[in-house]
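What you see is a predicted model; the values in this text were computed from it and never measured. Throughout, a chain's letter reflects where its sequence line sits, starting with A, and its residues are numbered from 1.
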Amino acid sequence: MITLDTDDDRGTGAAVRLAQDHPAAGPTLPPPVRRIALDRPPTVASPAPVGTGPGAAAAARHVRSGERGPERMRLEGLSVFYDTNEAVRAVDLSIRQGEVLALIGPSGCGKTTLLRTLNRLTELTATARRAGRVVLDDVDIDELEVTTLRRRVAMVFQQPNPFPMSIFDNVAYALREQSRKRPGRAVVQPYVEEALRRAGLWDEVKDDLDRPALRLSGGQQQRLCIARAIATRPEVLLMDEPCSALDPRSTEVIESLIGELRAELAIVIVTHNLQQAHRVGDHVAFMYLGDLVEYGAAEQVFGAPRAERTRDYVGGAFG
Amino acid sequence: MATEIRTPGTLPPLPPYVPPGGPRRPPRRRRTGESLSTWRYGDRVAFALCWACGLALCLIAAAIVVYLGVRGVQYLTFTLLTTHPEAGLDQAKTGGFLDPIVGTVLLTVIGIAIATPIAVGTAVWIVEYGRPSAFARAVESGIEIVAGTPDIVIAIFGLALFQQHLFAPLSLTADGGAVFGRSFMTAGAMMSLIALPMVFGTTREGLQAVPAHVREASYGLGKTRIATIRRVLLPSVRSNISTGMALGMGRICGDTAVVIVLLGATLRLESEGSIPGFNALKGTGSTLTSYVYNNSPAGEGNAPQKAYAAAFVLLLIVVALNLAVDVIARRGSQTGLQNGRLGA
Amino acid sequence: MLERLRAPWSDRRAERVLGALASLVLLVIALMIVFVAVKAWPTLRNNHLIGWLGFGGDVDAQISDQVNGVGRGGDQFAINAGPLIYATVLTTAVAVVVGLAFALFSAIFIVEFAPPRLRRVIVPVVRLLAAVPSVIYGLIGILVLAPFVNDHLLPDGRKRSVEYVVQLSGTSLLVATLVLTVMITPIMIAIITDALYSVPKSWTEGAVALGVNRWRATWTVSVRAARPAIIAAAVLATARALGEGIMLSMVSGGRGFSPNPLDGLSFLFEPLRPLAATIVENVESLNAPAIRSSVYAFALLLLLSSFALSVGGYIAKQPMKKYGIRV
């Protein structure tokens, strides 16, 4: 066991000297894990003073009003099996409008599977089977028509996947293909504009909506996918690590977007990045190897986690 | 306050052990899928059309394969496979098609033997050297033109070419000095032109798929370009070359036009000249394809039974070559380049 | 000297040798074009282009005149190849249009809707059918389909009514087009299926996740992304159909007749003979100069059309590069 000094006076909670600062420590010892103070949110570097810096805007919006919105989806004892391998074990969760639920956990712990179950995308995999109930607005999703369900529960993927069409056609895609008779461009135009505005992309593309979507940058493509997903005004938005393929500037734009969108939607975001979960999430669910280990408000899960595994994960002991 | 630090390597404990035969299986539940009633009218029509086309495809494919199989088994006998063809009054009863089988094999071997070195060499030149680039593009376009040319056009080109006096040694020369132009050699040369685009295409694809770091590693060791090609690149595209050869052989086996024009249409293999071995190549003969054509109502003989039997043998050869392509391609992807790494 | 051969080759020498091989290939191809054009020159010189490509006169009679060496001077080369060209265009166009539609829907069926067990069987069978030699298709056509049509579909009355003009029989437009369609469709199915499989899964998953039904998702995303492959398949099939001589000479009736759509149902049973089949049937008589030059002129026409076809296919694929579809 190695004990290292801490330096609480500086108030950073990260004042540990690593092995790489001391070459004399020898190559045989692995670098020690940073210690963090349990009563502070986990950060990589010293946190910027409140009100300045790139994260400040997001942190400011993080303030919550207290009362929780209506419940949109509820998971009751949901289990997902791939053949006999139980990827998700008896999870109970509640997804409410007006807040962002962040699913965190190490790789392979079932968070993406859980997310994909919410819009029945697991049915695309032949070996996947479900037990338990998922309820959308008090209707079991198994009893809903699959295409209707997926119009109400939209999804944004990890890699931006705009179709090989123009920007306008991408955003208008769902609107056109879901209707009985294909609506004309004039009918669809206001919805496309509204979706692009809500996604924060309108100003950048309004000059030429017929440009090929694949010519946009990575961050713009992901915002286009978000615009495409919200064009039909879904009730729930599922996001599977939307910023993992993007640079920090685009990540920041999308995180502020999430903060704005959560007023009308219930958002579930799966993320690897603990700091992002803390910035963006109102409630956090920590999953480990298929079990829902802890669920609670973000400050509580990060600040004072009840389960030991949560404490270890949040503290960086594994990941 | 100093806290204990756990070094990485001591992870939290694993979940509880699941006994064998005991993992929970969820109950099967009826789930509402997509119901066609929500689809647009045009979509439903298209869906029905897809199913109709799919089923029609299965039926037609089954009909062709089954019919040929039944007729072939009905008429194919061992004697047919091993006796020489004979001209007789009752075609249905005399002779077999040993010579056409030999002819098919001989022609395929000649054709692929000429095509492969030229095709591989050209592909290597285009991918590795390719200067001047206008010339390289011209060669590529030329090979595409050959790939799209009807085989009958290639056949009569061969006839025109090999009837020149320059190519007299390749075939029979009549007493009046006219070059016959029809022999196994000339037909084989034209068959190589038919097989060339296939071998070229697969070899070029294979060479282009070799990642740059393989070549760079070899150059970094000080090898010349030609040594790299011989020792590193060509072995790694062996399966591509084999696939191309099998595809080319399939195309040669199935080609009738070149055979009818350039092989002299003698039922048996007639040798020409006196050099042993070479005289067979200089002579004329027939192959399974021309045999089928001649024994059908469109040709001279009228022996549909023999035509069916020969067609069945031809089909078996084509199936075998197809299987060879699949096997080579699968094995090649296992022992060749996998994710950019050479190795088993 | 043996040592010089065994010594490692220099790059320069290797490049020259390989370049010589490539030049040999290009030389042979150029020779082909030159030979065919030169041999075809007498016909082209002695016939007006419009007259040569057009109708007028019985092309069969003209051909037999040329085979027999009738006529002197420029007259012996006179021929109106219109009926032959019309036959080629008719059979090719119908076969490619019907075949492409059939291939597209079958490919979508195989990729989307087929049960997995059926899919595992049908894909290798389709590839096998694409490799079957054309003479076997011709055999089935002439031994099975033509007698069937002759005996069961063609009423005697109709036959007798047009006896004085043309002999209707099983070997006809109907059987020729049918067998040609069946012959060129498997390769189109194989190409389109491969293209549909190689569409990135992120696109298809994204479309399905937007609540679009399976058919719509496939049609608007996968098929759209596979458009270059569909064009390539169509070009390949057209080239094959244009050049198909052996099979068509077996089943198409062997008469240089122009089937007339205004004849009603008889249209389907009228004989015809496309260009490549004409070449096949006249290949023994290539010693007579007139017929030889006509045959090479037909070959030149086929060569030029397959060249125009690949250029056309290339041009048709260019606009699709814009939206990021891999061409």
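- Contact of C:Leu128 with chain B is made through backbone and side chain together, with heavy-atom distances under 4.5 Å.
- Considering only heavy atoms from C-beta on, B:Cys58 comes within 4.5 Å of C:Leu118 through its side chain.
- For residues 275-286 of chain C, the pairs satisfying salt bridge (Lys or Arg N to Asp or Glu O under 4.0 Å) are C:Arg273-C:Glu281, with sequence neighbours left out.
- Residues C:Leu21 and B:Pro117 share a closest heavy-atom pair of CD1-O, 4.0 Å.
- Contact annotation for C:Val182: only side-chain heavy atoms (C-beta onward) come within less than 4.5 Å of a heavy atom of chain B.
- Here the shortest heavy-atom pairing between C:Ser23 and B:Phe135 reads OG-CZ, 3.6 Å.
- Both the backbone and the side chain of C:Phe102 come within contact range of chain B, with heavy atoms under 4.5 Å apart.
- Closest approach of C:Leu139 and B:Ser296 over heavy atoms only: CD1-CB, 3.7 Å.
- No side-chain heavy atom of B:Arg44 sits less than 4.5 Å from a side-chain heavy atom of C:Trp215.
- With hydrogens and angles disregarded, no donor-acceptor distance shorter than 3.5 Å links the side chain of B:Tyr129 to the backbone of C:Ala14.
- With a threshold of 4.5 angstrom between heavy atoms, C:Ala114 does not approach chain B through any atom at all.
- No salt bridge links B:Arg225 with C:Glu15; every basic N to acidic carboxylate O contact stays at or beyond 4.0 Å.
- Considering only heavy-atom pairs separated by less than 4.5 Å from chain C, the leading option among B:Ile60, B:Val124, B:Leu161 is B:Leu161.
- C:Ile33 places none of its side-chain heavy atoms less than 4.5 Å from the side chain of B:Phe157.
- Using a 4.5 Å cut-off between heavy atoms, C:Tyr137 contacts chain B through its side chain alone, with no backbone atom that close.
- When side chains are defined from C-beta on, C:Arg127 does not count as touching B:Val325, because their heavy atoms never get closer than 4.5 Å.
- Interface summary for chain C: among B:Trp51, B:Phe47, B:Phe200, the most heavy-atom pairs under 4.5 angstrom belong to B:Trp51.
- Of the atoms belonging to B:Glu140, not a single heavy atom falls under 4.5 Å from chain C.
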Show your reasoning for whether side chain to side chain contact (heavy atoms under 4.5 Å, CB included) applies to C:Ile246 and B:Ile260.
CA-CA 10 Å; C:Ile246 295 292; B:Ile260 287 183; 3.7 Å; yes
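- With a threshold of 4.5 angstrom between heavy atoms, B:Asp43 approaches chain C through its backbone and through its side chain.
- Put simply, of B:Gly254, B:Cys50, B:Gly121, B:Ala119, the one with the most heavy-atom pairs under 4.5 Å next to chain C is B:Cys50.
- Counting heavy-atom pairs under 4.5 Å between each of B:Arg131, B:Arg251, B:Gln163 and chain C puts B:Arg131 at the top.
- Between C:Leu26 and B:Ile143, the closest side-chain pair of non-hydrogen atoms is not below 4.5 Å.
- With a 4.5 angstrom heavy-atom cutoff, B:Asp326 touches chain C only via side-chain atoms.
- Heavy atoms of other residues, nucleotides or ligands lying less than 6.0 angstrom from OH of B:Tyr219 number more than 12.
- The two residues B:Ile152 and C:Val280 make their nearest non-hydrogen contact at CD1-CG2, 3.5 Å.
- In this structure, C:Ile136 and B:Val292 have side chains that are not in contact, with every pair of non-hydrogen atoms separated by 4.5 Å or more.
- Your options are B:Thr256, B:Thr122, B:Val318, and the one with the most heavy-atom pairs under 4.5 Å with chain C is B:Thr256.
- Residues B:Pro304 and C:Leu143 approach most closely at CB-CD1, 3.9 Å, considering heavy atoms.
- Contacts between B:Leu68 and chain C at a heavy-atom distance below 4.5 Å involve the side chain alone, from C-beta outward.
- When B:Gly148, B:Ala311, B:Ala160 are compared by the number of non-hydrogen pairs under 4.5 Å with chain C, B:Ala160 comes out ahead.
- At a 4.5 Å heavy-atom cutoff, B:Leu247 makes no contact with chain C through either its backbone or its side chain.
- For B:Leu57 against C:Ser106, the heavy-atom pair with the smallest separation is CD2-CB, 4.2 Å.
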